[in-house]
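Step one of this worksheet: look at the structure below.
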Amino acid sequence: LSATSMMVMAKPDPIKVMLNGTEWVTEAAPVHIDDEIMIPLQTFGKLFGKQVTYDSQSNTVRIDDKKQVPFAQSDDQTIQISGDASESGTYEHLTLKTQTFSRHIPGYNVDNPSYAPIIERADLTGDGKKDIVIILTTGYGTGIYTSNPLVYAETAEPVPVEDAYTAFLKQFDSKVTDKQIELNIRGERTVIPISKLQSGPVKYPPGIGSVMTYTLEGNTLKATTAVQVSPAEFIGDLTLSYTFKNGLLQAGDAQLALYPEYGS
C-alpha cells in the first residue's frame, strides 16, 4: 500500500472502504473477523487495478496486472494468448505467443473463463504443416453467441478467412405466407407449414439469427448459424465448411438442417 493510501473504517456498520479519501462502494461489504478486516479478492483487484482470478483445479489465486494478462493457452501449453483486461468485461489488444514467434492479433475476447478462446493446430491450408487456429468468443447470452476465427501459418503469417455471415446471406433467401414459410438455400426450396411453428403466424420472413459459431473438425473449419422465425424461435441450422484456395479460406456451400420438430 506504499503508493496508495487506503483506510478501512470499522464504524459505523457496514464497514466503509475509503480510497484516497473517497468512499468505494463494493458489491460485497468488508467483514470483521478475528480482529482482521476481510476484503473480497475481486474488490481488491478493482481497488488496485489488478486482474484477480481463481483456479479451482489448482486451488490458486492469481493477481496480475491488467496489461497483457495471460488468459488462454493450448492444451500442450506451447501457445498462449494475453490481452489487456478492460472494464467492459473483455480482453483487448491481444498478443499471440508461440515457441517461435510473438505477434499482435486483431479482435477481442470476453473475460468469462467459460468462454476462453479455442486454440488448436490443424492443416487448414493443405500444405502438410499445422496451422494455428484461434476461435475468439466475442459475445454470449440468452440466444446469443458469436465467435471469430483467426488462422496463422507456422511462419506467423495470417491466413485470411472469408466472413461466414456474408457467405450465408449470399446463399439464403426466404418468404412467408399465411400458410407456410419458404426457405431457399442456393436454389433448393424447403417449405414449412405455419402450423408447425410454436410462435404461430409470423409477419416477416425467416432470417439468419444472432448465433454464429465456428468449430474445428479435424482439418476442416466450419461455421454454423441458426435460422430464426421470431425473437424466441429457431427452426434449424445453416452450416458451411471452408476450403483453402488462392491464398484464402473460402466459405463453401451452406447446408440446411431443420430441427426435428419442423421436419417432414
Side-chain angles (χ1 to χ4, degrees), residues 72-76 79 81 94 96 98 105-110 112 114-154 157-174 183-190 192 206-229 233-263:
Q73 64 181 3
S74 58
D75 290 340
D76 61 7
I79 306 171
I81 299 177
L94 306 182
L96 170 66
T98 74
I105 60 176
Y108 63 92
N109 200 92
V110 298
N112 187 329
S114 298
Y115 298 96
I118 296 172
I119 306 173
E120 299 284 354
R121 287 187 181 272
D123 181 12
L124 299 187
T125 57
D127 62 358
K129 300 177 181 179
K130 295 287 187 178
D131 305 301
I132 298 173
V133 184
I134 301 167
I135 301 177
L136 303 174
T137 301
T138 55
Y140 65 93
T142 304
I144 300 174
Y145 182 95
T146 54
S147 56
N148 180 40
L150 301 172
V151 181
Y152 294 91
E154 284 186 336
E157 291 299 316
V159 179
V161 181
E162 184 179 359
D163 180 61
Y165 186 78
T166 302
F168 281 128
L169 288 179
K170 290 178 180 179
Q171 302 181 45
F172 175 84
D173 191 18
S174 65
L183 306 179
N184 194 318
I185 316 298
R186 305 179 341 274
E188 297 182 10
R189 182 170 172 266
T190 300
I192 302 171
I208 294 175
S210 55
V211 177
M212 180 68 68
T213 59
Y214 292 85
T215 56
L216 189 62
E217 297 184 12
N219 290 320
T220 302
L221 179 66
K222 294 187 175 184
T224 301
T225 189
V227 178
Q228 187 171 13
V229 296
E233 187 170 6
F234 300 85
I235 60 175
D237 287 333
L238 287 172
T239 301
L240 59 78
S241 299
Y242 282 88
T243 302
F244 185 72
K245 186 178 181 181
N246 297 327
L248 170 71
L249 281 168
Q250 299 182 8
D253 292 341
Q255 304 294 327
L256 172 66
L258 292 175
Y259 300 148
E261 59 268 35
Y262 302 102

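Heavy atoms only: backbone and side chains are in, while hydrogens, waters and symmetry mates are out.
Contact annotation: the side chain of I79 never approaches that of I134 to less than 4.5 Å [non-hydrogen atoms, C-beta and beyond]. Side-chain contact between L216 and L124: present, with at least one pair of heavy atoms (C-beta onward) separated by less than 4.5 Å. Two residues are said to be in side-chain contact when any heavy atoms from C-beta on lie closer than 4.5 Å; F168 and L240 meet this criterion. Counting heavy atoms from C-beta outward, K130 and N219 have side chains that approach closer than 4.5 Å. Q250 is not listed as a side-chain neighbour of T243, based on a closest heavy-atom distance of 4.5 Å or more. Side-chain contact between F172 and I185 is present, with at least one heavy-atom pair separated by less than 4.5 Å.
The minimum heavy-atom distance between G209 and T225, with the atom names listed, is O-OG1, 3.9 Å. The two atoms that bring I135 and S147 nearest to each other are CG2-CB, 3.7 Å, heavy atoms only. The two atoms that bring L238 and A254 nearest to each other are CD2-CB, 4.5 Å, heavy atoms only. Nearest heavy-atom pair, P206 versus V227, reported as atom, atom and distance to 0.1 Å: CB-CG1, 4.0 Å. For the residue pair P106 and L136, the shortest heavy atom distance occurs at O-CD1, 3.8 Å. Shown here for S210 and Q228, the closest heavy-atom pair between the two residues is N-OE1, 4.0 Å.
Between the side chains of T137 and Y145, at least one donor N or O sits under 3.5 Å from an acceptor N or O. Remark: the D76 side chain and the S74 side chain contain an N/O donor-acceptor pair separated by less than 3.5 Å.
Listed for the T190 side chain is no donor-acceptor partner under 3.5 Å among the backbone atoms of L183. Between the side chain of D123 and the backbone N or O of D127 there is at least one donor-acceptor pair closer than 3.5 Å. Between the side chain of Y242 and the backbone N or O of E162 there is at least one donor-acceptor pair closer than 3.5 Å.
Screening V133, V159, L96 for a side-chain contact (heavy atoms from CB on, under 4.5 Å) involving Y152 leaves a single residue, L96.
In this structure, the side-chain contact (heavy atoms from CB on, under 4.5 Å) partners of D253, at least two apart in sequence or on a different chain, are Q171, R186, Q255.
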Side chain to side chain contact (heavy atoms under 4.5 Å, CB included) between R121 and I132, worked out: CA-CA 5 Å; R121 287 187 181 272; I132 298 173; 3.7 Å; yes
Inset, instruction - Any chance you could lay out the side chain to side chain contact (heavy atoms under 4.5 Å, CB included) test for I208 and Y165, step after step, and finish with the verdict? - result: CA-CA 8 Å; I208 294 175; Y165 186 78; 3.8 Å; yes
**Evaluation steps, side chain to side chain donor-acceptor pair (under 3.5 Å), between T146 and T138** = CA-CA 6 Å; T146 54; T138 55; 2.9 Å; yes
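Note that NZ of K222 and CD of E217 are 4.0 Å apart. Values are rounded to the nearest 0.5 Å. With rounding to the nearest 0.5 Å, the separation of CG in D75 from CD1 in I119 is 9.0 Å. Taking CG from N148 and OH from Y214, the interatomic distance works out to 6.5 Å, rounded to the nearest 0.5 Å. Taking CD1 from I235 and CD from E261, the interatomic distance works out to 10.0 Å, rounded to the nearest 0.5 Å. The CG atom of L94 sits 8.5 Å away from the CG atom of L150 when rounded to the nearest 0.5 Å. Summarising the geometry, atom CG belonging to D237 is positioned 6.0 Å from atom OG1 belonging to T224; distances are rounded to the nearest 0.5 Å.
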